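I have placed the structure first, in the form of structure tokens, so that the comments after it can refer back to it.
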Amino acid sequence: MPFTLATWNINSVRLREALVLRLLEEEAPDILCLQECKSPVEKIPVEGFERLGYRWRVAQGQKDYNGVAILSKRPMEEAGAVDHAALGHARHVAGRLEDGTVIHNFYVPAGGDVPNREMNVKFGQKLDYLRDMRDAFHAEAPARSILVGDLNIAPREDDVWSHKQLLKVVSHTPVEVAALAETQDSGAWVDITRQDIPEGPLYSWWSYRSPDWDAADKGRRLDHVWATPDIANAAHSSRVLRHVRGWEKPSDHAPVLATFDL
DNA sequence: ATGCCCTCGCACCGAGGA
């Protein structure tokens, strides 16, 4: 049975519960992966989600930062949660559907301001996190798997508003792009969004600091949908819901969707 | 770095986001 999956960095699931409900009502994805829930698991407001049919849920959380959750209309069991780079952060959770499809939901560290690990501990943590992701997929090749989330890297030149101006800006530096490529290669992950939308600028995040984000359009594609080669050809209809960035009191990220005929 | 916003908590600033 085909299913549609969405990934969205929500920037506080408690503050934006109403926006999550609106997305679930308007788009009705079968599965919604959230990042930056900024909530302990027990404080995630789940009643409304369950009322809309999202009866299954896996999540990892902590008090103030990070936090990831997967809401599903289909039966789903937890398939692990790893703390890459031993940061003690809730940045990953995985779920398994009844047909065996595994869904990884990741929130990769942002990496701070200075793209140099000698000068900026957070940048080193970001690279270490990607290294551990790479090693995990190298140790056990993923199959029938989907990986989504806020990977905090815009890899392609047309994934940012200005390649030249962002070369030294964390999220688009060559060292990060290379690290992400190694992680992607280690699992033979296919970039589903770019498989479906191969040409042209495509962004999923616009800074809160830009007064007119829509007109300025200084965005970056930080949010990704990947799949293993055995199911990549089942994916289609990828979309970035740019208009959601314009909702009242929005997240700074837009949802990214894909449909899988599995 | 284009501009200076948004969220959280032992809160009314500081840290983290990207």
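Below, read A as the first sequence line, B as the second, and so on, with proteins coming before strands; counting in each chain starts at 1. In this text the structure is predicted, and so the values were computed from the model without any measurement.
R221(A) comes within 4.0 angstrom of no nucleic acid atom, judged by non-hydrogen atoms across all strands. Using a 4.0 Å heavy-atom criterion, one finds that L222(A) contacts the sugar-phosphate atoms exclusively. Residue contacts shown for F123(A) are absent, as no nucleic acid heavy atom lies under 4.0 Å away. Residue W205(A) is in sugar-phosphate contact alone, with no base atom involved, counting any heavy-atom pair closer than 4.0 Å across all strands shown. Note on D150(A): only backbone sugar-phosphate atoms sit closer than 4.0 angstrom, heavy atoms only; bases stay farther off. Nucleic acid contact for H172(A): none, since no nucleic acid atom lies under 4.0 Å from a heavy atom of the residue. Looking at heavy-atom distances under 4.0 Å, S210(A) makes contact with a base. Contacts of K63(A) with the nucleic acid, taken as non-hydrogen atoms under 4.0 Å apart, involve only primed sugar atoms and P, OP1 or OP2. Within the nucleic acid shown, D252(A) has no heavy atom closer than 4.0 Å to any nucleic acid atom. D217(A) comes within 4.0 angstrom of no nucleic acid atom, judged by non-hydrogen atoms across all strands.
Bounding nucleotides for the chain A contact on DNA chain B, 5' to 3', at a heavy-atom distance below 4.0 Å, are dA1(B) to dA18(B).
A pairwise comparison of heavy atoms in Q60(A) and H92(A) identifies CG-O, 3.4 Å as the closest pair.
With N11(A) as the partner, the side-chain hydrogen bond (donor to acceptor under 3.5 Å, both in side chains) test is satisfied by one option alone out of K38(A), K249(A), H253(A), E36(A): K38(A).
Only the C1' atoms considered, dG16(B) is 15 Å distant from dC4(B), to the nearest whole Å. For the C1' atom pair drawn from dC8(B) and dT2(B), the interatomic distance equals 26 Å after rounding to whole Å. Separation of the P atoms belonging to dA18(B) and dC6(B) is 15 Å when rounded to the nearest angstrom. Separating the P atom of dT7(B) from that of dG3(B) is a span of 22 Å, rounded to the nearest Å. Straight-line distance between the P atoms of dA1(B) and dG14(B): roughly 26 Å, to the nearest whole Å. Look at the C1' atom in both dC10(B) and dC5(B): the space between them is 26 Å, to the nearest Å.
With R134(A) contributing its side chain and A179(A) its backbone, the two residues share no donor-acceptor pair below 3.5 Å.
Side-chain contact of S204(A) with R221(A): a donor-acceptor pair under 3.5 Å is absent, judged by distance alone. Between the side chains of N105(A) and Q35(A), a donor-acceptor pair is found at a separation under 3.5 Å. Defined by atom type and a distance below 3.5 Å, a donor-acceptor pair is present between the side-chain atoms of D217(A) and W206(A).
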Side chains of residues 226-241 of chain A: which donor-acceptor pairs under 3.5 Å do they make with residues two or more places apart or in other chains?
{"from": "T228(A)", "atom 1": "OG1", "to": "R144(A)", "atom 2": "N", "distance (Å)": "3.2"}
{"from": "T228(A)", "atom 1": "OG1", "to": "S145(A)", "atom 2": "N", "distance (Å)": "2.9"}
{"from": "T228(A)", "atom 1": "OG1", "to": "S145(A)", "atom 2": "O", "distance (Å)": "3.3"}
{"from": "T228(A)", "atom 1": "OG1", "to": "D230(A)", "atom 2": "OD1", "distance (Å)": "2.6"}
{"from": "D230(A)", "atom 1": "OD1", "to": "R144(A)", "atom 2": "N", "distance (Å)": "3.3"}
{"from": "D230(A)", "atom 1": "OD2", "to": "R144(A)", "atom 2": "N", "distance (Å)": "2.7"}
{"from": "H236(A)", "atom 1": "NE2", "to": "D261(A)", "atom 2": "OD1", "distance (Å)": "3.1"}
{"from": "H236(A)", "atom 1": "NE2", "to": "D261(A)", "atom 2": "OD2", "distance (Å)": "3.1"}
{"from": "S238(A)", "atom 1": "OG", "to": "D196(A)", "atom 2": "OD2", "distance (Å)": "2.6"}
{"from": "R239(A)", "atom 1": "NH1", "to": "E27(A)", "atom 2": "OE1", "distance (Å)": "3.2"}
{"from": "R239(A)", "atom 1": "NH2", "to": "E27(A)", "atom 2": "OE1", "distance (Å)": "3.2"}

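Where V169(A) and V13(A) each meet DNA chain B at their nearest nucleotide, the meeting point lying more 5' is that of V169(A). With DNA chain B read from its 5' end, the first of the two nearest nucleotides for C37(A) and K218(A) is the one closest to K218(A).
The number of heavy atoms from other shown groups lying within 6.0 Å of CD (E42(A)) is above 12.
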